[in-house]
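Below is one structure, written out as structure tokens; the observations come after it.
Just so it is clear, the structure is predicted and the values come from calculations on it, not from any experiment. Numbered from 1 within each chain, the chains take letters A, B, ... in sequence-line order.
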Amino acid sequence: MRLSRYFLPVLKETPAEAQIVSHRLMLRAGMIKQASAGIYSWLPLGFKVLQKIEQIVHEEQIRAGHHPMLMPTLQSADLWRESGRYDDYGQEMLRIRDRHDRDMLYTPTAEELITDIFRSYVSSYRDLPLTMYQIQWKFRDEIRPRFGVMRGREFYMKDGYNFDLTKEDALHAYNRHLVSYLRTYERMGLQAIPMRADSGPIGGDDTHEFLVLADTGESEVFYDSEITDLKFGDREIDYDDKGQCQAVLEEFTSRYARTDETHDEALFNEIPEERRRVARGIEVGQIFYFGTKYSEPLGATVQGPDGKSVPVHMGSHGIGVSRLLGAIIEASHDDNGIIWPEGVTPFHCGIVNLKQGDSEADAACEALEKALESNGLEPLYDDREERAGGKFATMDLIGLPWRITVGPRGLAKGVVELTSRRTGESEEMSPEAAVARVAEIYEVNR
RNA sequence: CGGGGCGUGGCGCAGUCUGGUAGCGCACCUGUUUUGGGUACAGGGGGUCGUGAGUUCGAAUCUCGCCGCCCCGACCA
């Protein structure tokens, strides 16, 4: 992509309304524009990252055996009356009336609708287990939206729902989600720690939240420092194997890690003092097992092997896709701007032409652009009539992890410069070597 | 919803107290210059000062209403 043809409205100054670093950087990097309180337009750069994150979530859900689908954002109030949540949910639910005076709502979550789909078509235990999910816009009419996309009213969320015959099967689904979430966050370059949490309006007995440690997090968290040493890594796992999933759950939840809602001071104090940590965290996902809370009132039953009808055991599972952009930036930035992890970067590599209009520099940049593209990579070539300083500042701000700098001085020696955004380290090498190196970096991260 | 604050070219702000017909920096356009970490100079375009009413010879400025936005708190992926 040529920057001169792209739409990248970067700002030198920070808009006054932005308080936290991720919000400031998203506005300055031209990723989002506020439309109204807690509601944002996603400009091309922001949308690109949103899609990258969405893609990783899809891949990991499908890997775990879950089926993607899509449900509407506007729903009839009827189902919600049936479950009892039309009254319970309160002011946070945006209620709308259509032209026929029917009560509608903008979905804050979709347990009712998915359960209705299930009960319409599934009547035998032979169709279980079943897990379906969607990535769809949600709306929760927060009293006070803030922090940009971290606490918007409209937000993009992956929500998944499992249906199982027994509690044991449903807990396996719970564990499977935990494993898939660990993989998902790690692919985005994040460490998200599962913590025992409170179930809130979704209800249920078992629930874990996934938290990314960050000073600007909204939750206070308490944990045993040993937990941050755990990595899921690239281990192979059979998602149908109950034992394997259970073992991962135990590994990642055996140490103390709780949010303030469920914090237990006495238990916490049993950890050796030097390992006790009190910090803040950003919630980027949550998994629930809630049994028959929705299947009973909504009549989602199957016939078991014995011919008797029983309500199915369910759970629901969410990942805050739009919030993740904020969380990643909070966890990965410096004074000059964003530092994207390779897994979610909007462009794989920046190309900075230090002397636009110089025929050799222009030609070298264009050749680099083509070579990177033919390796399946997306470069962003800054071909604007800008000074070098301005181009560097823009690249640093938007956070591409790798940058190739091309100028007449280097070209005279047959080299360009490859720079890591994260470390700032530069290395001179031939253009061909730079392309090969970048291709290799992304091959490993694929 | 309780408490606090703000609304003036695209962005950041001054001007409001003490009423006199709108200004600065950045960005943008033109030209010259410059070019390895936000170049310098010259010229230029762009604002019914959130909105409605009132006071006044005269309102960005004073009064009242409304709308929007932000911050702290309770609530939340």
The correct set of residues in residues 397-423 of chain A placing a heavy atom under 4.0 Å from RNA chain B is A/Arg403, A/Thr405, A/Gly407, A/Pro408, A/Arg409, A/Gly410, A/Glu417

Test: salt bridge (charged side-chain N to carboxylate O under 4.0 Å, His left out). Region: residues 326-340 of chain A. Which pairs qualify, not counting sequence neighbours?
A/Asp334-A/Arg421

As its Watson-Crick or G-U partner within any shown strand, both distances under 3.5 Å, B/rC11 has B/rG25

Those residues at least two apart in sequence (or on a different chain) that pass salt bridge (Lys or Arg N to Asp or Glu O under 4.0 Å) with A/Glu432 are none

Report which part of the nucleic acid A/Asp396 touches: base, sugar-phosphate, or nothing (heavy-atom distance under 4.0 Å, all strands).
base

Under 4.0 Å: is that the gap between some side-chain N or O of A/Arg387 and OP1 or OP2 of B/rG36?
yes

Centre-to-centre under 6.0 Å for A/Tyr6 and A/Phe347, is that the case here?
yes

Please confirm whether the ring centroid of A/Tyr181 lies under 6.0 Å from the ring centroid of A/Phe210.
yes

Below 4.0 angstrom, which residues in residues 25-47 of chain A have at least one non-hydrogen atom near RNA chain B?
A/Arg28, A/Gln34, A/Ser36, A/Ala37

Kindly indicate, with the supporting measurements, whether the criterion side-chain contact (heavy atoms from CB on, under 4.5 Å) is fulfilled by A/Asn175 and A/Val248.
CA-CA 8 Å; A/Asn175 298 348; A/Val248 174; over 6 Å; no

What does A/Gln19 touch in the nucleic acid at a heavy-atom separation under 4.0 angstrom: a base, only the sugar-phosphate, or nothing?
sugar-phosphate

Report which part of the nucleic acid A/Gly390 touches: base, sugar-phosphate, or nothing (heavy-atom distance under 4.0 Å, all strands).
base

If I pick the P atom on B/rG43 and the same atom on B/rC24, what distance separates them, to the nearest angstrom?
12 Å

Whole-Å C1' distance, B/rU48 and B/rA59
13 Å

Write out all pairs satisfying salt bridge (charged side-chain N to carboxylate O under 4.0 Å, His left out) with one or both partners inside residues 33-43 of chain A, taking only residues at least two apart or from two chains.
none

Could you tell me whether the phosphate oxygens of B/rC71, OP1 or OP2, come under 4.0 Å of any side-chain nitrogen or oxygen in A/Arg144?
yes

Which whole number of Å gives the distance between the C1' atom of B/rG46 and that of B/rC11?
14 Å

Need one value for A/Gly357: base, sugar-phosphate or nothing, where a base atom within 4.0 Å counts as base even if backbone is also close, heavy atoms only.
nothing

Taking the nucleotide of RNA chain B with the nearest heavy atom to each, does A/Gln356 or A/Phe147 sit closer to the 5' end?
A/Gln356

P spacing across the pair B/rG50 / B/rU8, given as an integer number of angstrom
6 Å

A/Phe222 ring center within less than 6.0 Å of A/His263 ring center:
yes

Nearest-Å distance once atom C1' is located in both B/rG44 and B/rA27:
14 Å

Option passing side-chain hydrogen bond (donor to acceptor under 3.5 Å, both in side chains) with A/Tyr133 (candidates A/His317, A/His58, A/Gln61)
A/His58

Can you list, by residue number, the residues of residues 4-13 of chain A that have a non-hydrogen atom closer than 4.0 angstrom to RNA chain B?
A/Lys12, A/Glu13

Under a 3.5 Å threshold, yes or no: a donor from one side chain and an acceptor from the other, between A/His23 and A/Arg146?
no

Given the C1' atoms of B/rG10 and B/rA42, what is the spacing between them in whole Å?
24 Å

Could you check whether A/Arg95 makes a cation-pi contact with A/Tyr89, meaning its NZ or CZ is under 6.0 Å from the centre of the six-membered ring and within 45° of the ring axis?
no

Roughly how many Å apart are B/rC57 and B/rC72, using the P atom of each and rounding to a whole number?
46 Å

Which part of the nucleic acid does A/Val284 contact within heavy-atom distance under 4.0 Å: base, sugar-phosphate only, or nothing?
sugar-phosphate

Verify the distance criterion only: is there a donor paired with an acceptor across the side chains of A/Thr207 and A/Gln286 at less than 3.5 Å?
yes

